[in-house]
*Asks:* 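This is the structure, below, for whatever I ask next.
In this chain, residues are counted from 1 in sequence order.
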Amino acid sequence: MTATISRRRALQSAGALAIAAGIGGPARAQASKNTYLIYATGADASTLDPHFSTDLRTRRVAMQIHETLVARAPDGNFAGLLAESWETAADGVSWTFKLRKGIKFHDGSNFDAEAVRFSLERLKDPATGSPRRSMGEQIAAVEVVDPLTVVIKTPRPYAALLAQLTMENLGIVSPAAAKKHGKDYGRSPAGTGPFKLAEWRPGERIRLDSNADYWGGSPKIRGLEFRVVPEDSARILVLLSGEAHLIDNITPAMLPRLEKAPNAQLITAMSQRTVYFGLNTKMAPFDNPKVRQALAHAIDTRALIKHVMNGKGDVSRSFIDPSILGLPASTPYEYDPAKSKKLLEEAGFKDGVAFDFYHTLGIYLNDRAVSEAIQAQAAPAGFKISLKTVDFPTHLSMLRARDRAAAYMLSEGSPTADADVSLNLVMKTGGPSNYGNYSNPALDALIEQQRTQLEPAARNATVAEALKTISEDVPLIPLFYSPQLFAAAKTVDGIVIKRNEFIDFNGARFV
């Protein structure tokens, strides 16, 4: 299922759990193995240290360099990556992993059980300062049995351990490089992946060279260049002019132009990413639940999909895409300006309420147009929204301060295809990405409960109850499940775009 497929097959298969959209087509120009494949994207990575990765752009680069113990197979099951196999003890808390032999890091040091122990403990160590430290909190101990055997212990049975181990934040780094570079490891990374860092010009480009010694087989291209092109229209131009081979975040309005381009091809695949309107529940006016409910009724998400997104994407039925665990779909808040206005009056805002809404440019599909549409939709109910456009690093910095943005656009994907990560990151009290300062003890209890439920049906019922609680409290307003809209030159083949939004360039080639 991860072989090269046509655009039609990509569209037909977009709903599968881990389906990949392959890019290919007839040759239009000559390119050689000595050519860099140029991917024009809307924003730069923030670091190349997987233990500090918090956003999609960073993950897409960092995980060309690093790898995890296990990964999701195309059918949604787990497959070995750096680990060949694993088994669970009868107590449900000890997991023994057998590692692949003969693998080296980019700095020439050996990959082994000690590297696994070091990496997982580095993530968990408070001194490291990882914003994703919580991703390792369910790991109680990592024990080295021999160079190719490692045991991971959890404090109690943990239903999502294998899913967690597929996440970039549990990627394996070279102990030698991490010790040498310390806090600067993100600028001088050494992983085991198919590509290694050659050059990074912040805000401009990241160039990766192919790893000729990659254990899975050397890539067929010289390397990758992630080029930062924030403007949507500018990315179209660099593709059509031949300056780039792949671009992302195609705006629906640009689709007709690309469909007619003789040297380009469109690739569409669904993701499990929810784009949402975030609300800081500790900042006025959103510390009042009625104001949050009023805003939810003031936004017409169906109209956003139809008119702003040109039918691309799907209306969010809950914070987490129900396809992840086969969860029941919730009913979105109905667009009802009159009800919204009434709720605002009950909350003490008879004359309406004004606030700033922070959004990005070129990060989410049609992010500016969606923001402008929401501004217009919410006005009749009495919401006076001032739009503030910020670059992504500034956006993240503001959100991490927890008290600078009352309303903001953000998204949550599911790189592990499991609900546990998103619930703990975004919804749990004190979660690393709980930028809205939301706290609900009853929800926290449900989040903890689902972690220990090894029986899928029981666990799904608990997660469904958690999602219902979130929907009723409205700490955020789900807008849509984002489609992945890419365009590529017809001179490239073998790129794999997965539903978890990772892009696998290992099999990429020029044709």
Side-chain angles (χ1 to χ4, degrees), residues 1-2 5 10-11 13-23 39-46 48 50 53-68 71-74 76 81 132 135 163-164 166-171 193 206 224 226 235 246-250 266-276 309 312-314 316 319-324 360 362-367 392 396 409-419 421-422 425-426 433 478-488 495-508:
M1 293 175 70
T2 56
I5 58 178
L11 288 166
S13 305
L17 176 65
I19 189 67
I23 299 172
Y39 168 28
T41 184
D44 201 358
S46 58
L48 298 183
S53 172
T54 60
D55 63 272
L56 176 60
R57 270 58 189 187
T58 293
R59 177 161 62 96
R60 282 179 173 167
V61 185
M63 295 315 287
Q64 309 299 332
I65 298 170
H66 302 90
E67 294 176 303
T68 51
R72 287 279 189 183
L81 194 56
R132 290 294 203 228
M135 294 299 95
Q164 198 89 326
T166 69
M167 194 169 184
E168 80 269 19
N169 299 133
L170 282 82
I206 297 175
L224 300 171
F226 292 79
R235 290 197 298 278
L246 178 70
I247 60 174
D248 61 13
N249 270 22
I250 308 299
L266 290 172
I267 303 94
T268 302
M270 280 306 297
S271 71
Q272 291 169 327
R273 176 169 297 275
T274 304
V275 177
Y276 63 86
M309 309 287 290
K312 301 296 181 182
D314 192 9
S316 294
F319 166 58
I320 297 174
D321 184 349
S323 72
I324 290 175
T360 54
I363 300 299
Y364 308 118
L365 193 62
N366 270 19
D367 39 15
F392 195 62
L396 283 180
M409 179 180 285
L410 204 60
S411 74
E412 177 64 15
S414 183
T416 65
D418 190 280
V421 170
S422 296
L425 280 178
V426 183
S433 298
L479 299 176
F480 55 86
Y481 300 129
S482 182
Q484 299 186 79
L485 300 181
F486 289 81
I495 302 173
V496 177
I497 299 170
K498 298 182 178 180
R499 185 157 183 172
N500 69 358
E501 301 175 288
F502 178 68
I503 306 176
D504 186 352
F505 289 99
N506 191 33

*Asks:* Below 4.5 Å, heavy atoms only, C-beta onward: do F319 and V426 meet side chain to side chain?
*Replies:*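 Result yes, sub-4.5 Å side-chain heavy-atom pair found.
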*Asks:* How long is the span from the CG atom in N366 to the CG atom in N249, to the nearest 0.5 Å?
*Replies:*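 So the gap between those two atoms works out to 9.0 Å.
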*Asks:* Please say which of H66, R59, M167 ends up in a side-chain contact (heavy atoms from CB on, under 4.5 Å) with P50.
*Replies:*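 Exactly one candidate clears the test, H66.
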*Asks:* Going from CZ on F486 to CD1 on I247, what distance comes out if it is rounded to the nearest 0.5 angstrom?
*Replies:*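 If we round to the nearest 0.5 Å, F486:CZ and I247:CD1 are 10.0 Å apart.
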*Asks:* Please name the pair of heavy atoms, one in P415 and one in N500, separated by the smallest distance, quoted to 0.1 Å.
*Replies:*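 In this case the closest contact between P415 and N500 is O-ND2, 3.4 Å.
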*Asks:* What residues form a ring-ring contact (aromatic ring centres under 6.0 Å, His included) with F226, not counting sequence neighbours?
*Replies:*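 Per chain and number, F226 pairs via ring-ring contact (aromatic ring centres under 6.0 Å, His included) with Y39.
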*Asks:* Please report the shortest heavy-atom distance between R72 and A417, naming the atom on each side.
*Replies:*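 So the two residues come closest at NH2-O, 3.2 Å.
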*Asks:* Please name all residues satisfying side chain to side chain donor-acceptor pair (under 3.5 Å) with D321, sequence neighbours left out, ordered by chain then number.
*Replies:*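 Residues passing side chain to side chain donor-acceptor pair (under 3.5 Å) with D321: S323, R499.
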*Asks:* With sequence neighbours left out, write down each residue that passes side chain to side chain donor-acceptor pair (under 3.5 Å) with S482, or none if nothing qualifies.
*Replies:*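 Side chain to side chain donor-acceptor pair (under 3.5 Å) list for S482, sorted by chain: empty.
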*Asks:* Taking side-chain contact (heavy atoms from CB on, under 4.5 Å) as the definition, give me every residue that meets it alongside T54, ordered by chain and number, with sequence neighbours left out.
*Replies:*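 Scan of T54 (side-chain contact (heavy atoms from CB on, under 4.5 Å), adjacent residues dropped) gives P131, R132, L396, R400.
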*Asks:* Indicate whether any N or O donor in one side chain lies under 3.5 Å from an N or O acceptor in the other, for T274 and S316.
*Replies:*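 Checked: T274/S316 side chains show no N/O donor-acceptor pair below 3.5 Å.
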*Asks:* Please list, chain by chain and in numerical order, all residues satisfying salt bridge (Lys or Arg N to Asp or Glu O under 4.0 Å) with R235, sequence neighbours excluded.
*Replies:*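 Residues passing salt bridge (Lys or Arg N to Asp or Glu O under 4.0 Å) with R235: D232, D248.
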*Asks:* Nearest 0.5 angstrom please: L56 CG to Q484 CD, how far?
*Replies:*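 If I round to the nearest 0.5 Å, the distance is 8.0 Å.
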*Asks:* Does E67 have any salt bridge (Lys or Arg N to Asp or Glu O under 4.0 Å) partners at least two apart in sequence or in another chain, and if so, which?
*Replies:*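 E67 satisfies salt bridge (Lys or Arg N to Asp or Glu O under 4.0 Å) with no residue once adjacent residues are dropped.
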*Asks:* Can you check whether F392 reaches R57 side chain to side chain, under 4.5 Å on heavy atoms?
*Replies:*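 No - every pair of side-chain heavy atoms lies 4.5 Å or more apart.
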*Asks:* On a heavy-atom basis, which atom in A163 and which in T416 lie closest, and how many Å separate them?
*Replies:*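 Of all heavy-atom pairs spanning A163 and T416, the closest is O-CG2, 3.1 Å.
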*Asks:* Would you name the heavy atoms of A488 and L246 that are closest together and state the gap between them?
*Replies:*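 Minimum heavy-atom contact is CB-CD1, 4.0 Å.
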*Asks:* I'd like to check the salt bridge (Lys or Arg N to Asp or Glu O under 4.0 Å) partners of E501; sequence neighbours left out, ordered by chain and number.
*Replies:*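 By the salt bridge (Lys or Arg N to Asp or Glu O under 4.0 Å) rule, E501 matches R273.
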*Asks:* Rounded to the nearest 0.5 Å, what's the gap from CE on M270 to CG on D314? Could you check?
*Replies:*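 That separation rounds to 6.0 Å.
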*Asks:* With sequence neighbours left out, what residues match D367 under salt bridge (Lys or Arg N to Asp or Glu O under 4.0 Å)?
*Replies:*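 D367 satisfies salt bridge (Lys or Arg N to Asp or Glu O under 4.0 Å) with no residue once adjacent residues are dropped.
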*Asks:* Listed by chain and number, what are the side chain to side chain donor-acceptor pair (under 3.5 Å) partners of D504, not counting sequence neighbours?
*Replies:*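 Testing D504 for side chain to side chain donor-acceptor pair (under 3.5 Å), a comparison that skips the adjacent residues, returns none.
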*Asks:* Sequence neighbours left out, what passes side-chain contact (heavy atoms from CB on, under 4.5 Å) with T68? Give chain and number order.
*Replies:*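 T68: side-chain contact (heavy atoms from CB on, under 4.5 Å) contacts with M63, L81.
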*Asks:* Strictly distance-based, threshold 3.5 Å: is any side-chain N or O of Q164 a donor or acceptor partner for the main-chain N or O of D418?
*Replies:*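 It does not hold such a pair.
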*Asks:* Are L266 and L485 close enough that some pair of their side-chain heavy atoms sits under 4.5 Å apart?
*Replies:*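 A side-chain contact is absent here, since even the closest heavy-atom pair is not under 4.5 Å.
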*Asks:* Provide the closest heavy-atom pair for A43 versus I363 in the form atom of the first, atom of the second, distance.
*Replies:*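 Smallest interatomic distance, heavy atoms only, reads CB-CD1, 3.2 Å.
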*Asks:* Below 4.5 Å, heavy atoms only, C-beta onward: do I497 and I267 meet side chain to side chain?
*Replies:*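 Touching, per the 4.5 Å side-chain cut-off.
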*Asks:* Show your working on side-chain contact (heavy atoms from CB on, under 4.5 Å) between L48 and I65 and close with a plain yes or no.
*Replies:* CA-CA 8 Å; L48 298 183; I65 298 170; 4.1 Å; yes
*Asks:* First locate atom OG of S411, then atom OH of Y481, and finally report the distance between them rounded to the nearest 0.5 Å.
*Replies:*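 The OG atom of S411 sits 13.0 Å away from the OH atom of Y481.
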*Asks:* Could you measure the distance from the CG atom of L425 to the CE atom of M135? Nearest 0.5 Å is fine.
*Replies:*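 With rounding to 0.5 Å, CG (L425) is 3.5 Å from CE (M135).
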*Asks:* Between L410 and Y364, what is the shortest heavy-atom contact and its length?
*Replies:*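 Looks like CD1-OH, 3.5 Å.
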*Asks:* Sequence neighbours excluded, which residues qualify as side chain to side chain donor-acceptor pair (under 3.5 Å) partners of N506?
*Replies:*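 With neighbours one apart ignored, the set is empty.
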*Asks:* A side-chain contact here means heavy atoms from C-beta on lying under 4.5 Å apart; do N169 and S53 qualify?
*Replies:*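 Answer yes - side chains close enough.
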